[in-house]
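See below for the structure under consideration.
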Amino acid sequence: MGQTITQKILAAHCGKDYVEPGELINARLDFMLANDITAPIAIREFERIGAKTVFDKDRIALVPDHSTPNKDINTAQLVKTIREFAKKHNITYWFEIGRVGIEHTLLPDEGLVLPGDCVIGADSHTCTYGAVGAFSTGVGSTDLAAAMALGETWFKVPEQMKFVYYGKLPKWVGGKDLILYTIGLIGVDGALYRTMEFTGEAVAELDMAGRFTMCNMAIEAGGKNGIIAPDEKTLEYVKLRAKRSYTIYTSDPDAVYREVVEIDVSKLEPMVSFPHLPENAKPVSEAAEICIDQVVIGSCTNGRIEDLRIAAELLKGRKVHPDVRLIVIPATQEIYLQAVKEGLLEIFVEAGGIVSPPTCGPCLGGHMGVLAEGERAVATTNRNFVGRMGHTKSEVYLAGPAVAAASAILGRIASPEELK
Amino acid sequence: MIRGTVHKYGSNVDTDVIIPARYLNTTDPKQLAAHCMEDIDPEFVNRVKPGDIIVAEDNFGCGSSREHAPIAIKESGVACVIANTFARIFYRNALNVGLPILECPDAVAGTNAGDTVEIDLESGKIANVTTGKIYTAKPFPPFMRELIRVGGLVNYARSRLSQKSDAS
């Protein structure tokens, strides 16, 4: 019987030719990660397990990206714990400040997560790596601790769900708009425990940045993993970066899906998800007269150079609205440097914005742009839950970089088409 | 046997409202529990008593993978969470930290805030003492029952590790 790309990867990692949705498997892991919030508990549990050392020092990344550069003394203590663990166990991919970036942008860019891999991370947005054709999913700290000791974990093979995006992408509509539209369609638990496989000519048209954005937000529909079968664009991205060999899998034509959703992209507008759930997605034209206080362009969802180029194209020669604070966060040091070379950071600063070092910071209301009571932000991040970016009476509107930049200029939620 | 008062919530209770990110600069269960449910129910920590039960609708624990969320709930004294469905990472985390969870839509529909409920985890029987109604939760699959039986994932991983080193 035919299998999907996800089934094939899982089968290959538990020594089988075929796995059935619902089946429990014990899978070998190619790579795993934790960040400064989840690693300290993982380290504590790892020590309780009593393993002498980690299963493979080259297959674990420890990425202090959430509350760094250390925002307070407690955080500094936690990051110190991770640093000491990394040194004790000689972890190859411990990323110190100055080399670190946002984990889900950093790891694929460093060639550490690859097509055909089976990956877990103690962070819910680990599903991002599906964009290179890997099976990749988020877990908690204890699961990660057991995986660091054993090099394996258990999975229930997820039900398979396919999304087919057809038609030509309108100008300013990108990966963020496709995924917000999709979550609006199926709801925040519309893919609960399932795979979201993204296919179709519009996905093929997307660059890698747009594909990472789509897979990144599979969790926001409850999905276990998001995945896109590798094509020439994927291979071009991977081949110069890969630190290991990799395997290309694709779905069989007779693979079985629990559900297939077809979406015509040709009539879509840029999308905005209203507070307080990502499923509250509306076309930007329905977001009239919503004044804003802050714009955040960055995060594991939209902090790539392609995202910064879109924002810079709109901000060039224009000014941020007097009532708005614009915070731009390149996701990694490599992207930061590239943005310097291309003159993008100069455009943001000239426009009246601020450029932050790579950090998750404001996305989770941690630091570097926390909202006060009653304040509103447009953010290219992935969650707009109650209190997500600060005060419980603040609001986050999710959008792509084009809407975010246009909104920063006009001081209200706006379409890039409105800029004269 | 668990017996306690019900704290009831709706759908999509996310881990950001269970334990807001501003408190994630500690891993101490007591400090986390002091802020449990703060952004959805600021009075929860003053009201909750050991043995109490959280009852919620769909997709409980969605969002971030932070294990701080089930740790905070468990440390606050809550003995069990009953929901229609759980988000998958929260489901794994709850099992791993030893917070009992049950899926039972009938019990969720038939229970109100303030009701007294008794739960037998072994059989999955949920008795609403206030209304006199009895419900049965969906049983855990065998592998998860085994995980619970051995006392959680840390113990499971410890014995798996010794199996592996014996084999090599």
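Within every chain, numbering begins at 1; the chains are lettered A, B, ... in the order of the sequence lines, protein sequences first and strands thereafter.
A:Asp72 touches chain B through its side chain: at least one heavy atom from C-beta onward sits under 4.5 Å away, while N, CA, C and O do not. Residue B:Phe90 does not touch chain A at all, counting heavy-atom pairs closer than 4.5 Å. For a residue to count as touching a neighbouring chain, one of its non-hydrogen atoms must lie under 4.5 Å from one of that chain's; by this rule A:Arg383 touches chain B with the side chain only. In this structure, the portion of A:Leu78 lying under 4.5 Å from any heavy atom of chain B is its side chain and not its backbone. Of the two parts of A:Glu152, only the side chain, counted from C-beta on, holds a non-hydrogen atom closer than 4.5 Å to a non-hydrogen atom of chain B. Using a 4.5 Å cut-off between heavy atoms, B:Ile40 makes no contact with chain A at all. Contact of A:Ile219 with chain B is made through the side chain alone, with heavy-atom distances under 4.5 Å. When heavy atoms are compared at a cutoff of 4.5 Å, B:Val154 approaches chain A by way of both its backbone and its side chain. Using a 4.5 Å cut-off between heavy atoms, A:Asn70 does not touch chain B at all.
Within the 6.0 Å centre-distance limit, the rings of A:Phe46 and A:His89 are counted as a close aromatic pair. In summary, the aromatic rings of B:His35 and B:Tyr23 are positioned with their centroids under 6.0 Å apart. Between B:Phe143 and B:Tyr156, a ring centre-to-centre spacing shorter than 6.0 Å is recorded. Annotation: A:Tyr129 is not in aromatic contact with A:Phe135 [ring centroid separation under 6.0 Å not met].
Between the B:Thr5 side chain and the B:Asp52 main chain, no donor and acceptor come within less than 3.5 Å of each other. Looking at B:Thr136, its side chain never comes within 3.5 Å of a backbone N or O of B:Gly124 through a donor-acceptor pair. Here the side chain of B:Asn155 pairs a donor or acceptor atom with the backbone of B:Val150 at under 3.5 angstrom. Side chain of A:Glu45 to backbone of A:Ala42: no donor-acceptor contact under 3.5 angstrom is found.
Between the side chains of A:Asp143 and B:Asn96, at least one donor-acceptor pair of N or O atoms lies under 3.5 Å. In this structure, a donor-acceptor pair under 3.5 Å is present between the side chains of A:Asn216 and A:Thr301. With hydrogens and angles left out, the side-chain atoms of A:Asn225 and A:Thr6 include a donor and acceptor closer than 3.5 Å.
For the options A:His367, A:Lys224, A:His66, A:His125, heavy-atom pairs under 4.5 Å to chain B are most numerous at A:Lys224. Between chain A and the residues B:Asp58, B:Asn93, B:Thr85, B:Asn59, the largest count of heavy-atom pairs under 4.5 Å involves B:Asn59. When the candidates B:Arg22, B:Glu38, B:Glu67 are compared by the number of heavy-atom contacts under 4.5 Å with chain A, B:Glu67 comes out ahead. Among B:Arg92, B:Arg158, B:Arg160, B:Arg66, the residue making the largest number of heavy-atom pairs under 4.5 Å with chain A is B:Arg92. Highest contact tally toward chain B, considering only A:Leu192, A:Leu277, A:Ile73, is held by A:Leu192 [criterion: heavy-atom pairs under 4.5 Å]. Counting heavy-atom pairs closer than 4.5 Å to chain B, the top residue among A:Thr75, A:Val370, A:Thr137, A:Thr38 is A:Thr137. Each of A:Ser141, A:Ala51, A:Ser67 has some count of heavy-atom pairs under 4.5 Å with chain B, and the biggest count is that of A:Ser141. The residue among A:Thr392, A:Val139, A:Asn382, A:Leu24 with the most heavy atom pairs within less than 4.5 Å of chain B is A:Val139.
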